[in-house]
Novice: 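Structure incoming, see below.
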Amino acid sequence: MALEDNYRHKGLRKKLIEEIRKKGIVDEPLLRAMGKIPRHFFLDSGFLEYAYEDKPFPIGSGQTISQPYTVAYQTQLLEVRKADKILEIGTGSGYQACILAELGARVFTIERQKLLFQKAKEFLPAMRYPIKLFYGDGYKGLPSFAPFDKILITAAAPYIPDVLKEQLKPGGMIVVPVGSGDIQIMTRLTKISDTDFEITEYGHFRFVPLLEDKAEDC
Ligand code: SAH
């Protein structure tokens, strides 16, 4: 893939950011980060005209890169601070991981589809962010690297797994679309203490499902 980011790409990206801003995203550092990262790098070449539409797009293995507005919405709820240690579940194309890293976070990301994991592992080093990629089942989290300041789940979870709550620092947050049907409710869980959690529900979204059990072999 040619990693060219020219004036046309930058112009399209600027328009996309304005669109997202109009839809209600107010986090300026986040909008700047999204304005900086070339989303077309994360789509197969030939789909350039789709990269800067505010829509999800297929990335192979039946998965999608989330709609830019959705990426912005989830990231805004996560209140990313510099040096935050963040676990992302559902690497997919790696786009969301790069947004978190551009905001100064140390990112750990897990993917269960081997082909997507391999693709991200080959491509992401070119972006030069401190992102660590793992192949495995996100339901289990990443116990050897826990605890995390934040956990971001980018697939629809029928419930919030207890192990993920355990892998969160006190004061930490999980942002996750919760629901087992077609539509999920964006949810933010804040860990007040080891036994005390606060849950706030936000808007409705549509994600691919977070799949349980073993990581897929292929
Ligand atoms: N964040 C991605 C989009 C994610 S789509 C991006 O920026 O492109 C959701 C991803 O979650 C898919 O790639 C899917 O394979 C992955 N996924 C589903 N269940 C999972 C699980 N249990 N553990 C890890 N990844 C999972």
Side-chain angles (χ1 to χ4, degrees), residues 1 16 20 30 33-34 36-44 47 50-78 80 86-103 105 107-124 127 129 131-143 145 148 150-164 167 174-180 182 184 186 205-218:
M1 190 196 306
L16 172 64
I20 293 172
L30 166 61
M34 292 186 72
K36 197 164 164 194
I37 295 178
R39 188 169 183 260
H40 65 281
F41 287 2
F42 300 81
L43 270 56
D44 287 331
F47 295 112
Y50 298 100
Y52 295 108
E53 287 182 11
D54 192 19
K55 289 183 182 153
F57 198 78
I59 51 172
S61 305
Q63 305 304 322
T64 55
I65 179 171
S66 303
Q67 179 181 348
Y69 172 71
T70 305
V71 170
Y73 194 95
Q74 279 202 290
T75 312
Q76 182 167 271
L77 280 182
L78 205 60
V80 181
I86 301 185
L87 173 64
E88 179 198 24
I89 297 173
T91 313
S93 67
Y95 176 70
Q96 170 77 71
C98 288
I99 300 290
L100 298 173
E102 174 63 30
L103 288 167
V107 183
F108 298 73
T109 179
I110 313 179
E111 174 57 55
R112 75 175 282 284
Q113 295 265 4
K114 199 150 211 176
L115 285 175
L116 290 176
F117 166 75
Q118 280 164 345
K119 210 167 157 185
K121 197 151 179 81
E122 275 165 37
F123 164 66
L124 277 191
M127 297 299 291
Y129 288 116
I131 298 174
K132 291 196 168 64
L133 293 142
F134 299 84
Y135 170 62
D137 180 5
Y139 273 94
K140 299 189 176 70
L142 218 49
F145 293 89
F148 297 95
K150 315 268 167 71
I151 298 178
L152 178 61
I153 305 180
T154 65
Y159 60 94
I160 307 179
D162 283 342
V163 278
L164 297 183
Q167 291 178 26
I174 301 180
V175 172
V176 50
V178 178
S180 41
D182 269 4
Q184 302 86 39
M186 193 60 76
F205 289 84
R206 191 186 290 265
F207 280 78
V208 295
L210 184 70
L211 299 170
E212 203 154 1
D213 296 323
K214 63 180 171 46
E216 168 207 69
D217 278 309
C218 50

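What you are looking at is a predicted structure, and each value in this text was computed from that prediction instead of being measured. When a ligand or atom number is given, it counts from 1 through the structure's own listing order. Just so you know, residue 1 is the first one in the sequence shown, and it goes up from there.
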Novice: In this structure, which one of L100, L77, V107, I89 forms a side chain to side chain contact (heavy atoms under 4.5 Å, CB included) with L152?
Specialist: L100
Novice: Looking at ligand 1, would S61 count as a contact under a 4.0 Å heavy-atom criterion?
Specialist: no
Novice: Nearest heavy atom to atom 23 (N) of ligand 1 wins, so pick from P209, G138, A156.
Specialist: G138
Novice: Counting each atom of ligand 1 from 1 as listed, which ones have a heavy atom of I65 under 4.0 Å away?
Specialist: 8 (O)
Novice: Under 4.0 Å from a heavy atom of Y139: which atoms of ligand 1 are those, numbered in the order shown and with their elements?
Specialist: 22 (N)
Novice: Output yes when the distance from some N or O of ligand 1 to some N or O of A155 is under 3.5 Å, and no in every other case.
Specialist: no
Novice: If you measure from each heavy atom of T91 to ligand 1, is any distance below 4.0 Å?
Specialist: yes
Novice: Only heavy atoms of L116, strictly under 4.0 Å: list the atoms of ligand 1 that pass.
Specialist: 13 (O)
Novice: With heavy atoms under 4.0 Å as the rule, classify the contact between T64 and ligand 1 as side chain, backbone, both or neither.
Specialist: backbone
Novice: May I ask you to identify, for V71, whether its side chain, its backbone, both or neither come under 4.0 Å of ligand 1 on a heavy-atom basis?
Specialist: neither
Novice: Among L87, I86, I131, which residue satisfies the side chain to side chain contact (heavy atoms under 4.5 Å, CB included) criterion with T109?
Specialist: I131
Novice: Using 30° and 60° as the class limits, which term best fits the ring planes of F108 and F145: parallel, tilted or perpendicular?
Specialist: tilted
Novice: If you measure from OG1 on T91 to CZ on F117, what distance do you get to the nearest 0.5 Å?
Specialist: 8.0 Å
Novice: Parallel under 30°, tilted from 30 to 60°, perpendicular over 60°: which one fits the rings of F123 and F42?
Specialist: perpendicular
Novice: Can you tell me if Y52 uses its side chain to pair, donor with acceptor, with the backbone of H40 under 3.5 Å?
Specialist: yes
Novice: Where's the contact between E212 and ligand 1, heavy-atom distance under 4.0 Å: side chain, backbone, both or neither?
Specialist: neither
Novice: Could you list which atoms of ligand 1 come closer than 4.0 Å to a heavy atom of I110?
Specialist: 24 (C), 25 (N)
Novice: Is the side chain of Q167 donor-acceptor paired with the backbone N or O of F148 at a distance under 3.5 Å, no angle test?
Specialist: no
Novice: Any idea which atoms of ligand 1 are less than 4.0 Å away from a heavy-atom of Q96?
Specialist: 1 (N), 7 (O)
Novice: Just go through G60, G62, S93 and tell me whose heavy atom is the nearest to atom 8 (O) of ligand 1.
Specialist: S93
Novice: Counting non-hydrogen protein atoms only, what is the nearest one to atom 19 (N) of ligand 1? Give residue, atom name and distance.
Specialist: L211 N, 2.9 Å
Novice: Would you say Y50 has more than 12 foreign heavy atoms packed within less than 6.0 Å of its OH?
Specialist: no
Novice: Considering only protein heavy atoms, which is closest to atom 12 (C) of ligand 1, and at what distance to one decimal place?
Specialist: Q63 OE1, 3.3 Å
Novice: Relative to ligand 1, is E111 under 4.0 angstrom through side chain, backbone, both or neither, heavy atoms considered?
Specialist: both
Novice: Do Q96 side-chain atoms and G94 backbone N/O form a donor-acceptor pair below 3.5 Å?
Specialist: no
Novice: Can you measure from CG (L124) to CD (E122) and round to the nearest 0.5 angstrom?
Specialist: 11.0 Å
Novice: Could you list the atoms of ligand 1 found under 4.0 angstrom from a heavy atom of V208?
Specialist: 5 (S), 9 (C)
Novice: Relative to the heavy atoms of L210, which atoms of ligand 1 are at a distance of less than 4.0 Å?
Specialist: 18 (C), 19 (N), 20 (C), 21 (C), 22 (N)
Novice: Decide side chain to side chain contact (heavy atoms under 4.5 Å, CB included) for I110 and K140; before the verdict, give the C-alpha distance in whole Å, the side-chain angles of both, and the deciding distance to 0.1 Å.
Specialist: CA-CA 10 Å; I110 313 179; K140 299 189 176 70; over 6 Å; no
Novice: Specify the protein heavy atom at minimum distance from atom 17 (N) of ligand 1: its residue, its atom name, and the distance to 0.1 Å.
Specialist: R112 CG, 4.0 Å
Novice: Is there a donor-acceptor pair closer than 3.5 Å between any side-chain N or O of Q113 and the backbone N or O of L115?
Specialist: no
Novice: Keeping Y139 on the side-chain end and L210 on the backbone end, is there a donor-acceptor pair under 3.5 Å?
Specialist: yes
Novice: Which ligand 1 atoms are under 4.0 Å away from a heavy-atom of E88?
Specialist: 1 (N)
Novice: Which residue supplies the protein heavy atom nearest to atom 10 (C) of ligand 1, what is that atom called, and how far is it?
Specialist: G90 CA, 3.6 Å
